[in-house]
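All remarks here apply to the structure that follows.
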Amino acid sequence: MAGHPFLARLARDEGGMTVVEFAIVGPVLILLVVGLFDLGHQLYATSILQGTLQNSARQATLENGFSLQDQIDADLEENFNTIIPVADLTVTRRSFQSFTDIVTPEEFTDGNGDGVCNDGEPFEDMNGNGSWDQDRGRDGLGGARDAVLFRATATYDRMFPLAGLIPTMSNEVVIEASTVLRNQPYNEQGTRVPTIENCT
C-alpha cells in the first residue's frame, strides 16, 4: 500500500457508508411511514363514517324519518364525501321486533340433528320472505318502537400508493360502520306473527 497512496486513502475513506446504509434502511423506513399515514387515514375515515351514520340513524328513527329516507341518505353521503370525495357509499336498514332479535337466526325444528335447516324441516318465518334466514330482520325501517340496525359500507381508492409498494395489497379500501337505534314510540308497536314454512 505504501507505493499506492491513492489506494491507501481510498481504503481508509468511510464517506460512502451513509449512502449504503440509507439504501438498505431507506425503503423500509419510507414504507413504514407511508403505511402509518394510510392506516391513520383509514381509521379517520371509519370514524367519520360511524359519526355520520349515527347522525343519519337518529334522524331516520323519528316519525317523519320514513318520508325523508332519500334526503337523509343524500346528507350522509355529502357529509362523508367531504373527507373521501369519490367514495362509493351503501346504506342498509334492517328492522327487528326487539334488540334481542338482532342478528338472531329464525327458529327451526332440527329433525335430523345436523344443525342445518333442510329436508323439509319446519321453521318460523319471522321476516316473511318464505325462506329460512340467519337474520330474522326485515328490510327497511320497520314501524314504531322497532329496533333498527343501520349499516354503511364505503369503498374508495387508497390515498397513499401502498398497493404499488406491496404487491398483495389492494388499491381499494372497504370500511364499514353500524349502529342500532329504536324507532320513536309515535304509535303502538306492531306484532310480528311468524308463519310456519318448510326448509328446502
Side-chain angles (χ1 to χ4, degrees), residues 1-61 69-96 99-105 114-116 133-137 139 147-181:
M1 286 288 186
H4 303 288
F6 172 74
L7 293 177
R9 204 168 55 248
L10 185 62
R12 290 191 306 271
D13 189 357
E14 297 180 359
M17 289 300 293
T18 305
V19 175
V20 174
E21 289 169 354
F22 183 77
I24 296 170
V25 177
V28 176
L29 183 62
I30 291 170
L31 185 62
L32 182 63
V33 170
V34 172
L36 287 173
F37 279 129
D38 185 75
L39 178 62
H41 183 263
Q42 188 173 333
L43 291 173
Y44 179 61
T46 303
S47 174
I48 295 298
L49 181 61
Q50 184 69 45
T52 54
L53 178 66
Q54 287 177 342
N55 184 50
S56 296
R58 281 192 293 273
Q59 295 176 37
T61 55
Q69 283 187 58
D70 291 340
Q71 182 60 47
I72 291 170
D73 285 352
D75 290 345
L76 188 155
E77 188 167 358
E78 182 181 344
N79 291 334
F80 184 70
N81 283 345
T82 60
I83 306 302
I84 311 291
V86 288
D88 181 21
L89 192 63
T90 304
V91 180
T92 61
R93 301 166 178 84
R94 300 276 290 169
S95 66
F96 301 83
F99 287 111
T100 56
D101 286 341
I102 295 174
V103 197
T104 302
D114 65 354
V116 179
D133 295 296
Q134 285 281 357
D135 179 352
R136 62 176 63 190
D139 288 333
V148 185
L149 172 62
F150 296 85
R151 283 191 175 131
T153 304
T155 307
Y156 62 93
D157 291 335
R158 289 187 188 280
M159 178 175 281
F160 300 94
L162 271 181
L165 300 173
I166 303 174
T168 57
M169 181 174 282
S170 171
N171 188 48
E172 195 174 74
V173 179
V174 179
I175 57 175
E176 296 179 343
S178 62
T179 188
V180 179
L181 293 175

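No more than 12 heavy-atom neighbours from other residues, nucleotides or ligands sit within 6.0 angstrom of CG on Asp70.
Each salt bridge (charged side-chain N to carboxylate O under 4.0 Å, His left out) pair with one or both residues in residues 171-180, not counting sequence neighbours, would appear here, but there are none.
A donor-acceptor pair shorter than 3.5 Å can be found between the side chains of Asp75 and Gln71.
Taking 4.0 Å as the cut-off between side-chain N and carboxylate O, Arg94 and Asp139 count as a salt-bridged pair.
Between the OG1 atom of Thr61 and the CZ atom of Phe150 there is a distance of 6.0 Å, given to the nearest 0.5 Å. In this structure, the separation between CG on Asp38 and CG on Leu31 is 10.5 Å, given to the nearest 0.5 Å. The OH atom of Tyr44 lies 9.0 Å from the CD1 atom of Ile84; values are rounded to the nearest 0.5 Å.
Using a 4.5 Å heavy-atom threshold, the side chains of Asp73 and Arg93 count as touching. A 4.5 Å side-chain heavy-atom check between Arg158 and Gln42 finds at least one atom pair inside the cut-off. Using a 4.5 Å heavy-atom cutoff, the side chains of Leu149 and Val180 are in contact.
Between Thr104 and Thr100 the shortest heavy-atom distance is OG1-O, 3.0 Å. Nearest approach of Glu77 to Leu89, heavy atoms of both residues: CA-CD2, 3.6 Å. Across Asp135 and Gly137, no two heavy atoms sit closer than the pair OD1-N, 2.9 Å. Annotation for Val103 and Arg151: closest pair CG2-NH2, 4.2 Å, computed over non-hydrogen atoms. Heavy atoms only, all atoms of each residue included: Phe80 and Ala45 are closest at CE1-O, 3.4 Å.
Applying the side-chain contact (heavy atoms from CB on, under 4.5 Å) rule to Asp88 yields the partners Thr155; only residues at least two apart in sequence or on another chain are considered.
Checked by atom type and distance alone, the side chain of Ser47 never pairs as donor or acceptor with a backbone atom of Leu43 at under 3.5 Å.
Taking the six-membered ring where the residue is Trp, Phe160 and Phe37 present parallel rings, their angle staying beneath 30° rather than reaching 60°.
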In residues 48-59, what donor-acceptor pairs under 3.5 Å come from side-chain atoms, sequence neighbours left out?
from: Gln50; atom 1: OE1; to: Ser178; atom 2: N; distance (Å): 3.4
from: Gln50; atom 1: NE2; to: Ser178; atom 2: O; distance (Å): 2.8
from: Thr52; atom 1: OG1; to: Ile48; atom 2: O; distance (Å): 3.0
from: Thr52; atom 1: OG1; to: Leu49; atom 2: O; distance (Å): 3.0
from: Ser56; atom 1: OG; to: Thr52; atom 2: O; distance (Å): 3.0

